[in-house]
Amino acid sequence: MRVEINGDLCSNRRVKSQVFIALGSNRGDRELNLLRGVAELGKIPGARVVALSGFYETEAVGGPDQPDFVNAVVRLETSLDPRQLLAELQRIENEVFRRVRTLRWGPRSMDLDILFFGDLITAGDDLTIPHPRLHERRFVLEPLAEIAPEFVHPLLNRNVADLLDGVGKNERVVKIQE
């Protein structure tokens, strides 16, 4: 396990970290947005897409009444540190997808969230890893379990498949046919 000390990550930058990114879209052509998002992730210097889940249509959870999402999860290998990667994800949301944050948890053409960054545990005003609510969200766990069922949550010490088994079934999460 790696832990941040005074905001500095203690690691060798040449080491490739396994990172899981959630993608979601509920504005415009949702599936095309996810495909574009994956392509943009693949263009990040120092990062490589190594796995992609299927796409899932899901109801919006929390926030205002809004259209359904299409969600997926990507596994990246990267030599970037977490804050560098976060900056790249925000650049993609803002510059490529023209995301404007006017309503918290409102509709968006692209949402990119770091779920896990290897076994790193960190919490700050701008970034918390692992994602603080991923273990409560079927719309994240279903696609994550598809590509990393045995990955162990570094705080909860449970693998993704077990987390999925333990989450309620009150969210509508439907895999889109391939």
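Hydrogens, waters and symmetry mates are skipped; everything else that's a heavy atom, side chains included, is used.
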ask   = So how far is it from Glu59 CD to Phe139 CZ, rounded to the nearest 0.5 Å?
value = 10.0 Å
query = Does Gln84 reach the main-chain N or O of Asp81 with its side chain, forming a donor-acceptor pair under 3.5 Å?
reply = yes
query = Are any side-chain N or O atoms of Thr78 and backbone N or O atoms of Leu80, one a donor and one an acceptor, separated by less than 3.5 Å?
reply = yes
remark   = Rounded to the nearest 0.5 Å, the CZ atom of Phe55 sits from the OG atom of Ser25 at a distance of 10.0 Å
ask   = With a 4.5 Å heavy-atom cut-off, do Asp68 and Asn26 have their side chains touching?
value = no
task = Using only heavy-atom distances, determine whether the side chains of Asn33 and Ser109 contain a donor-acceptor pair under 3.5 Å.
result = no
inquiry  = Determine whether a donor-acceptor pair (N or O, by modelled atom type, separation under 3.5 Å) exists between the side chain of Arg98 and the backbone of Glu95.
reply    = yes
remark   = Distance col, row Thr128:OG1 vs Ile114:CD1, nearest 0.5 angstrom, shows 10.5 Å
inquiry  = Within the 4.5 Å heavy-atom criterion, are Pro82 and Thr122 side-chain neighbours or not?
reply    = no
query = Are the side chains of Arg75 and Ile21 in touch, meaning some heavy atoms are under 4.5 Å apart?
reply = no
ILVMFWY network linking Leu32 to Leu41, side-chain heavy atoms under 4.5 angstrom = no
message = Check for me whether Arg108 meets the cation-pi criterion with Phe97, that is, NZ or CZ under 6.0 Å from the six-membered ring centre and within 45 degrees of the ring axis.
response = no
task = Look at the side chain of Glu77 and the backbone N and O of Val50, then say whether any donor-acceptor pair between them is shorter than 3.5 Å.
result = no
note = Which of Asn71, Val38, Asp111, Leu35 passes side chain to side chain contact (heavy atoms under 4.5 Å, CB included) with Leu23? It is Val38
inquiry  = With side chain to side chain contact (heavy atoms under 4.5 Å, CB included) as the criterion, how do Glu171 and Thr58 come out once you've worked through the C-alpha distance, each side chain's angles and the decisive distance to 0.1 Å?
reply    = CA-CA 8 Å; Glu171 288 177 52; Thr58 67; 5.8 Å; no
task = Output the distance between atom CG (Leu89) and atom CD1 (Ile92), rounded to the nearest 0.5 Å.
result = 6.0 Å
task = Could you walk me through whether Arg137 and His131 pass side chain to side chain contact (heavy atoms under 4.5 Å, CB included), step by step?
result = CA-CA 11 Å; Arg137 295 179 167 172; His131 190 284; 3.6 Å; yes
request  = Could you tell me the separation between the CZ atom of Phe69 and the CZ atom of Arg30, rounded to the nearest 0.5 Å?
outcome  = 10.0 Å
remark   = Rounding to 0.5 Å, atoms CG (Leu164) and NE2 (His135) come to a distance of 13.5 Å
Can you list, pair by pair, the side-chain donor-acceptor contacts under 3.5 Å of residues 151-159, counting residues two or more places apart and other chains?
| residue | atom | partner | partner atom | Å |
| --- | --- | --- | --- | --- |
| His153 | ND1 | Leu155 | N | 3.1 |
| His153 | ND1 | Leu156 | N | 3.2 |
| Arg158 | NH2 | Asp162 | O | 2.9 |
| Asn159 | OD1 | Ala161 | N | 3.1 |
| Asn159 | OD1 | Asp162 | N | 2.8 |
| Asn159 | ND2 | Glu150 | OE1 | 3.2 |

request  = Flag the pair Leu115 / Val19 as yes when at least one side-chain heavy-atom distance between them is below 4.5 Å, and no otherwise.
outcome  = no
ask   = For Gln66 and Ala60, which heavy atoms make the closest approach, and how far apart are they?
value = CG-CB, 3.4 Å
request  = Determine the minimum heavy-atom distance between Ala47 and Leu76, stating which atoms define it.
outcome  = CB-CD1, 4.5 Å
query = Got Tyr56 and Glu146 here, is their nearest side-chain heavy-atom distance under 4.5 Å?
reply = yes
key: Heavy-atom closest pair, residues Phe117 and Ile129   = N-CG2, 3.6 Å
Side chain to side chain donor-acceptor pair (under 3.5 Å) partners for Glu136, two or more places apart = none
inquiry  = Checking Ile147 against Phe20 for the side chain to side chain contact (heavy atoms under 4.5 Å, CB included) test, could you report, in this order, the C-alpha distance in whole Å, the side-chain angles of both residues, the deciding distance, and whether it holds?
reply    = CA-CA 10 Å; Ile147 62 172; Phe20 295 92; 4.2 Å; yes
ask   = Under a 4.5 Å cut-off applied to non-hydrogen side-chain atoms, are Arg36 and Val96 in contact?
value = yes
task = List the steps, then state whether side chain to side chain contact (heavy atoms under 4.5 Å, CB included) holds for Leu34 with Met110.
result = CA-CA 7 Å; Leu34 262 59; Met110 181 53 57; 4.2 Å; yes
task = Give a yes or no answer on whether the side chain of Ser53 reaches the backbone of Leu144 with a donor-acceptor pair at less than 3.5 Å.
result = no
